[in-house]
Protein chains: 2
Amino acid sequence: MPPTSIRDVAKLAGVSVGTVSNVLNRPEGVSQDALTRVSHAIEQLGYVRNDAARQLRAGVSSSVGFVVLDGQNPFFNEVVRGAEDEASKHGIAILHGNTDEDAGREGMYLDLFEEQRVRGVLISPYGDIVRRLERLKARGIAAVLVDRFSGNGRFSSVSVDNVAGGRMAVEHLIETGRRRIAFVGGPFNLRQVSDRLAGARVAAESSGERVDIEVLPVEALTVDEGVVAGRRILDRPKRDRPDAIFAANDLIALGLLQALVVSRQVLIPDEIALLGFDDIPFAAAAAVPLSSMRQPSRVIGQTALRILLEETNDPELIPRQTVYLPELVVRQSTVKDAG
Amino acid sequence: MPPTSIRDVAKLAGVSVGTVSNVLNRPEGVSQDALTRVSHAIEQLGYVRNDAARQLRAGVSSSVGFVVLDGQNPFFNEVVRGAEDEASKHGIAILHGNTDEDAGREGMYLDLFEEQRVRGVLISPYGDIVRRLERLKARGIAAVLVDRFSGNGRFSSVSVDNVAGGRMAVEHLIETGRRRIAFVGGPFNLRQVSDRLAGARVAAESSGERVDIEVLPVEALTVDEGVVAGRRILDRPKRDRPDAIFAANDLIALGLLQALVVSRQVLIPDEIALLGFDDIPFAAAAAVPLSSMRQPSRVIGQTALRILLEETNDPELIPRQTVYLPELVVRQSTVKDAG
DNA sequence: AATCGGCCCTGAAACGATTCAGGCGCCTGT
DNA sequence: ACAGGCGCCTGAATCGTTTCAGGGCCGATT
């Protein structure tokens with residue numbers, strides 16, 4: 001079965017290839033007669049446009065790449081989902097790449113997407129890739145940073161104010177009477193992590209109370225790393241333990257929770273309060289329902305894609321930083337009788 | 001900045017375009033001299049192959065579509081991740097589409113992927129799409145069913161034996177002394193769901209005991225639906241409640257758990273044992289660590305992609321059904337003093 | 001010395017769409 | 001009757017790659 005081309009359609013409809021193309025792309029300038037004849041021919045042959053040829057000639061791609069920091073994190077899945085919904089409205093497909101906090105994979109996917117001449121790239125960056133993105137831009141491939149404020153203002157970004165989020169988080173812990181607060185997170189070259197910590201410090205310093213922030217670094221933002229950190233806390237004598245933990249994200253928090261709850265040595269929130277970040281769907285279903293800083297994840301994805309398309313339509317647009325404020329969701333891991 | 005083409009490279013290196021193409025695709029048949037000159041030219045110009053042109057002429061696409069049933073389900077994310085790892089080894093990118101159990105979206109993504117002339121499609125089907133896939137096949141686009149046994153043997157598939165899984169699950173519940181078992185799941189046109197139920201019934205009937213299987217249907221395999229079902233169970237007088245629940249997947253199970261635990265009316269596993277399916281990473285971190293039927297999710301994705309590539313290389317290959325056996329993971333939601 | 005084969009290279013044709021300059025036919029106004 | 005304009009269509013050129021028939025060169029064989 002030879003795949004049918006626009007030429008086959010033209011022959012069957014008794015028109016020229018140009019007319020078929022017009023039917024496909026600018027039907028308003030085609031006569032009723034031609035329009036129906038071509039439509040029938042398309043139907044009859046089961047013709048489907050070859051996007052490679054279209055892209056080659058028209059120079060317009062109908063796919064967008066999304067380089068995701070952590071595919072196992074439900075937060076990012078929500079973001080992707082938001083972008084997908086928006087993309088599908090425009091007949092655009094999303095090329096998907098997981099980096100899992102690995103700069104090598106990040107580069108590989110950018111290479112791949114450059115070969116594909118994607119319309120643009122959404123990326124939650126891990127390494128320092130501004131130069132890489134500059135190069136793509138020079139090639140006409142726009143990029144929008146997701147979940148990360150753009151350092152130098154050369155690219156648009158859609159993110160949450162992580163400093164404010166960290167501040168709000170720790171303010172909540174202080175308000176509920178905590179003074180010895182541990183921040184569990186890492187790696188610190190992730191801007192999200194260091195910003196949240198910075199916010200935490202701001203809250204501690206401006207509280208007017210004596211508040212300690214102790215930093216417990218972990219290797220990655222995963223449940224497993226959270227468990228490891230939890231065990232390390234359990235190893236300490238009771239009096240040396242913090243009275244609250246602010247986890248850099250919910251995966252860490254769930255890991256901590258698991259370690260602490262399983263041990264049966266620690267009461268949450270009585271002895272240690274626990275607060276996460278992202279408010280993933282599983283946070284509410286945890287052993288002790290998890291308080292968390294909610295990010296508007298779907299909206300982030302949707303907005304990022306929308307901005308990307310706007311920029312590819314008009315490359316002269318000035319990059320803009322879109323920042324949402326996270327929202328505190330209080331559950332029983334910080335307040336015993338919370339809803 | 002005009003994008004550089006293979007012709008620019010050829011000119012700079014002082015060779016013909018054919019030679020450049022050979023360097024790119026069959027370097028073994030090119031002299032050392034030409035090879036280094038071309039490589040330098042590529043480097044210097046920052047040349048990147050245009051995949052659209054390549055695909056147009058060679059007829060070979062370097063992307064694969066993956067139509068996913070439920071992007072919010074960590075199980076599918078693991079499967080995608082497995083496929084991605086395998087794909088990246090072959091320089092192949094994955095086009096991602098979420099259907100969220102919606103036949104319309106499913107069709108839309110298949111259309112999109114057909115326009116792209118993807119190399120093949122991985123799909124965890126929702127609706128009845130065999131005809132659709134037949135058509136793709138006729139066009140030279142192979143398909144592999146994921147997480148779903150192929151009904152008619154016309155396509156390869158990679159899945160888990162859901163009937164056996166359902167049987168093993170209920171056998172475990174019976175062994176631990178349960179007799180009034182509820183199956184919470186739906187919709188039943190999802191083969192995964194009906195197979196798991198069928199397996200549950202087999203176990204009940206062949207147990208030699210008097211075992212009831214009550215079916216509590218839900219609209220979708222989500223945490224929210226699990227919560228709803230949990231509330232419905234709580235509405236009953238205590239004596240009419242089941243003594244074990246087998247949930248069609250872990251999302252449902254986590255929802256049930258959340259509803260039951262929050263109410264503080266039910267002790268798990270004492271009064272009601274709870275068993276899920278998939279063993280997603282969050283199952284272990286739940287309020288009561290969740291027993292579950294583990295699927296080898298990454299391996300499923302990896303295998304599916306591998307089979308897809310084999311079939312696109314040799315379209316004469318006979319479809320084959322790859323089936324893994326799920327594995328029972330016992331935690332405290334079914335056995336009080338489990339690990 | 002002539003022939004042959006092997007190795008490499010060349011450059012035009014082809015893939016399937018879009019674009020655009022050009023042309024045809026018809027209506028309108030004077 | 002004729003110029004001009006409008007609406008619609010045509011078909012060749014083009015995008016950047018791969019492929020492939022053809023050919024040059026050189027050393028080995030007869």
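Only this structure's heavy atoms are used, side chains among them; waters, hydrogens and symmetry mates stay out. Chain identifiers are assigned alphabetically (A, B, ...) following the order of the sequence lines, protein sequences preceding nucleic acid strands; residue numbering begins at 1 within each chain.
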Residues two or more places apart in sequence or in another chain: which of them pass side chain to side chain donor-acceptor pair (under 3.5 Å) with [X]?
| X | value |
| --- | --- |
| Gln116(A) | Ser62(B) |
| Asn50(A) | none |
| Asp147(B) | Gln192(B) |
| Ser124(A) | none |

Taking only the side-chain nitrogens and oxygens of Thr19(B), find out if one of them lies under 4.0 Å from OP1 or OP2 of dC8(C). no
To the nearest angstrom, how far is [X] atom [atom1] from [N] atom [atom2]?
| X | N | atom1 | atom2 | value |
| --- | --- | --- | --- | --- |
| Gln116(A) | dT17(D) | CD | P | 14 Å |
| Ile42(B) | dT17(D) | CD1 | C1' | 13 Å |
| Glu114(A) | dG16(D) | CD | C1' | 15 Å |
| Asp8(A) | dC15(C) | CG | C1' | 13 Å |

Among residues at least two apart in sequence or on other chains, which ones pass side chain to side chain contact (heavy atoms under 4.5 Å, CB included) with [X]?
| X | answer |
| --- | --- |
| Asn152(A) | Val130(A), Glu134(A), Ser150(A), Arg154(A) |
| Asn77(B) | Gln72(A), Asn77(A) |
| Ala83(B) | Phe66(B), Ile94(B), Leu122(B), Leu305(B) |
| Ser297(B) | Phe75(B), Glu78(B), Val79(B) |

Can you confirm whether His90(A) is buried at NE2, in the sense that more than 12 heavy atoms of other residues, nucleotides or ligands lie under 6.0 Å from that atom? yes
Under 4.0 Å, heavy atom to any atom of DNA chain C: which of residues 30-40 of chain A qualify? none
Got a sec, which residues hit salt bridge (Lys or Arg N to Asp or Glu O under 4.0 Å) with Arg117(B), two or more places apart in sequence or on another chain? none
Given protein heavy atoms under 4.0 Å, the one-letter contact record of nucleotides 17-27 of chain C, with B base, S sugar-phosphate only and - none, is simply BBB--------
Do we see a donor-acceptor contact under 3.5 Å between the side chains of Tyr324(A) and Thr303(A)? yes
Can you give me the bend angle of the helix from dA1(C)-dT30(D) to dT30(C)-dA1(D)? Use the axis through the first five pairs and the one through the last five, nearest 10 degrees. 50°
